[in-house]
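Side chains are part of it too, since the values below use all heavy atoms of this structure and drop only hydrogens, waters and symmetry mates.
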Amino acid sequence: MDYVNAFWVGGLICALCQILMEKTKMQPGRIMVLLVCSGAVLGAIGVYPSFVEFAGAGASVPLLGFGNTLFKGIKEAVDANGFIGIFMGGFTATAVGISAALVFAYLASLIFEPKMRK
């Protein structure tokens, strides 16, 4: 049942984002920022951990999960280091994901020919 919950929750998140793109004039970048910020807010009010417990990877892998991870990292760093933790925590908690995105984006740019839109 864990796989089923992960599948339908992740699919629902993707479907809602697709509806936002088609029915509104929101650009994909703004929708991505909305998802990350929503994950951080849901984590801050304490809703997201029970959501992840229910949906597993369907909730932790999308951008909502990234926002929640940013929030958790910042919260832990602020508790440990004070004010400077605001700047340290997000990078510490998400370093692997950010590094992977940079490496794979670079590899994709080597394989494919990037073209600028006009």
Check the hydrophobic clustering (I, L, V, M, F, W, Y; side-chain heavy atoms under 4.5 Å; chains of links allowed) and say if [X] and [Y] are grouped together.
| X | Y | result |
| --- | --- | --- |
| V96 | F71 | no |
| I31 | F66 | yes |
| L64 | L20 | yes |
| L16 | M21 | yes |
| I86 | V36 | no |

Using the ring centroid of each side chain, check whether F51 and F54 are separated by less than 6.0 Å.
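No, the ring centres sit 6.0 Å or more apart.
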Are the aromatic ring centres of F87 and F83 under 6.0 angstrom apart?
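Yes, they do, as the ring centres are separated by less than 6.0 Å.
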Within this structure, what is the [atom1]-[atom2] distance for the pair [X] and [Y], rounded to the nearest 0.5 Å?
| X | Y | atom1 | atom2 | answer |
| --- | --- | --- | --- | --- |
| L102 | I98 | CG | CD1 | 7.5 Å |
| W8 | I13 | CH2 | CD1 | 9.5 Å |
| D2 | F7 | CG | CZ | 15.0 Å |
| T69 | L63 | OG1 | CG | 11.0 Å |

Looking at every heavy atom in both [X] and [Y], which two are closest together, and how far apart are they?
| X | Y | answer |
| --- | --- | --- |
| A57 | P62 | O-CD, 3.7 Å |
| G58 | V9 | O-CG1, 3.9 Å |
| A77 | G89 | CB-CA, 3.4 Å |

Would a 4.5 Å heavy-atom cut-off, applied to side chains only, mark [X] and [Y] as touching?
| X | Y | value |
| --- | --- | --- |
| N68 | K72 | yes |
| T92 | E76 | no |
| L35 | C17 | yes |

Do Y48 side-chain atoms and G39 backbone N/O form a donor-acceptor pair below 3.5 Å?
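No; zero donor-acceptor contacts below 3.5 Å.
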So does V47 get a backbone contact from the side chain of S50, meaning a donor-acceptor N/O pair under 3.5 Å?
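Yes; judged by distance alone, with no hydrogens or angles, the pair exists.
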